Amino acid sequence: TQLLEQSPQFLSIQEGENLTVYCNSSSVFSSLQWYRQEPGEGPVLLVTVVTGGEVKKLKRLTFQFGDARKDSSLHITAAQPGDTGLYLCAGSLDGGAGSYQLTFGKGTKLSVIP
Amino acid sequence: ETGVTQTPRHLVMGMTNKKSLKCEQHLGHNAMYWYKQSAKKPLELMFVYSLEERVENNSVPSRFSPECPNSSHLFLHLHTLQPEDSALYLCASSQGVTGLGTDTQYFGPGTRLTVL
């Protein structure tokens with residue numbers, strides 16, 4: 001059983017469209033992170049959310065952490081080809097000292113067609 | 001460029017070979033990590049070092065042997081691997097000594113390993 005379920009698995013859209021990807025779990029996370037990974041590269045952190053209900057914006061990207069801290073969403077407005085990549089969510093089950101373990105989802109592979 | 005470099009970027013090896021993957025971080029961080037990324041599976045944490053001491057080992061087979069000679073370098077020694085070990089191996093580093101879950105991890109570009 002996957003601890004963090006991401007959906008959809010694949011998404012192909014036209015430039016200029018809006019999209020939302022989801023990260024869901026039955027577990028409560030003390031924090032959740034979103035990464036983007038481009039082909040041939042490692043994941044790059046986009047945002048960390050720590051408070052239930054928190055909304056963070058990064059230019060055209062809007063991240064939301066669910067009130068119960070079990071789920072998160074990433075919304076992209078007016079997608080551009082540069083947004084193409086694998087979007088990964090990763091959660092920390094215990095934010096206390098000594099907690100190195102991040103649990104990753106399988107990712108959503110996004111293709112934005114010019 | 002995240003400040004974490006990995007060599008080689010690609011590696012093909014037979015099941016009887018011995019090879020090593022190298023990771024170097026130029027960020028002055030205290031913690032370093034090895035992850036395995038396979039197709040259709042989530043990123044799996046393999047090893048964590050904090051201040052050059054191993055702090056987590058997630059039931060990784062002994063054919064994978066990590067080494068952290070100093071806080072800037074991390075190695076993964078490979079011996080008698082199986083074809084199912086073929087994957088992208090990612091190194092990461094983070095500032096924290098205590099390893100808070102919110103600590104930002106900076107990833108290297110990975111080594112694409114193929115075991116024949």
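Each chain gets a letter, A, B and so on, in the order the sequences are listed, and its residues count up from 1. Quick caveat: nothing in here was measured; it's all calculated off a predicted structure.
Taking each heavy atom of Arg9(B) and Gly40(A) in turn, the nearest pair found is NH2-O, 2.6 Å. Closest approach of Leu90(B) and Pro43(A) over heavy atoms only: CD1-CD, 3.8 Å.
Hydrophobic clustering, with ILVMFWY side chains joined whenever heavy atoms are under 4.5 angstrom apart, groups Leu74(A) together with Leu11(A). Placement of Leu11(B) and Phe75(B) in two distinct hydrophobic clusters is found when ILVMFWY residues are connected by side-chain heavy-atom separations under 4.5 Å, directly or transitively. Placement of Leu76(B) and Met15(B) within a single hydrophobic cluster is found when ILVMFWY residues are connected by side-chain heavy-atom separations under 4.5 Å, directly or transitively.
Interface remark: Arg112(B) contributes no atoms to any contact with chain A (heavy atom separation under 4.5 Å). Looking at Gln6(B), there are no atoms closer than 4.5 Å to chain A (heavy atoms on both sides), in backbone or side chain. With a 4.5 Å cut-off on non-hydrogen atoms, Tyr35(A) touches chain B through its side chain but not through its backbone. Neither the backbone nor the side chain of Leu32(A) comes within contact range of chain B; no heavy atoms are under 4.5 Å apart.
Dense packing is recorded around CZ of Phe64(B), with more than 12 heavy atoms of other residues, nucleotides or ligands lying under 6.0 Å away. Annotation: Glu84(B), atom CD; neighbour count of heavy atoms from other residues, nucleotides and ligands within 6.0 Å is above 12. Enclosure of atom NZ in Lys19(B) is not indicated, since only 12 or fewer non-hydrogen atoms of other residues, nucleotides or ligands lie within 6.0 angstrom. With a 6.0 Å radius and a threshold of 12 heavy atoms from other residues, nucleotides or ligands, Gln80(A) has its CD atom above the threshold.
Taking the side chain as every heavy atom from C-beta outward, Thr103(A) and Glu44(B) never approach each other to under 4.5 Å. Tyr33(B) has its side chain out of reach of Leu102(A): every pair of non-hydrogen atoms, C-beta onward, lies at least 4.5 Å apart.
Distance CD/Gln37(A) to CZ/Phe107(B): 8.5 Å, rounded to 0.5 Å. Rounding to the nearest 0.5 Å places NZ of Lys106(A) at 12.5 Å from CG of Leu43(B).
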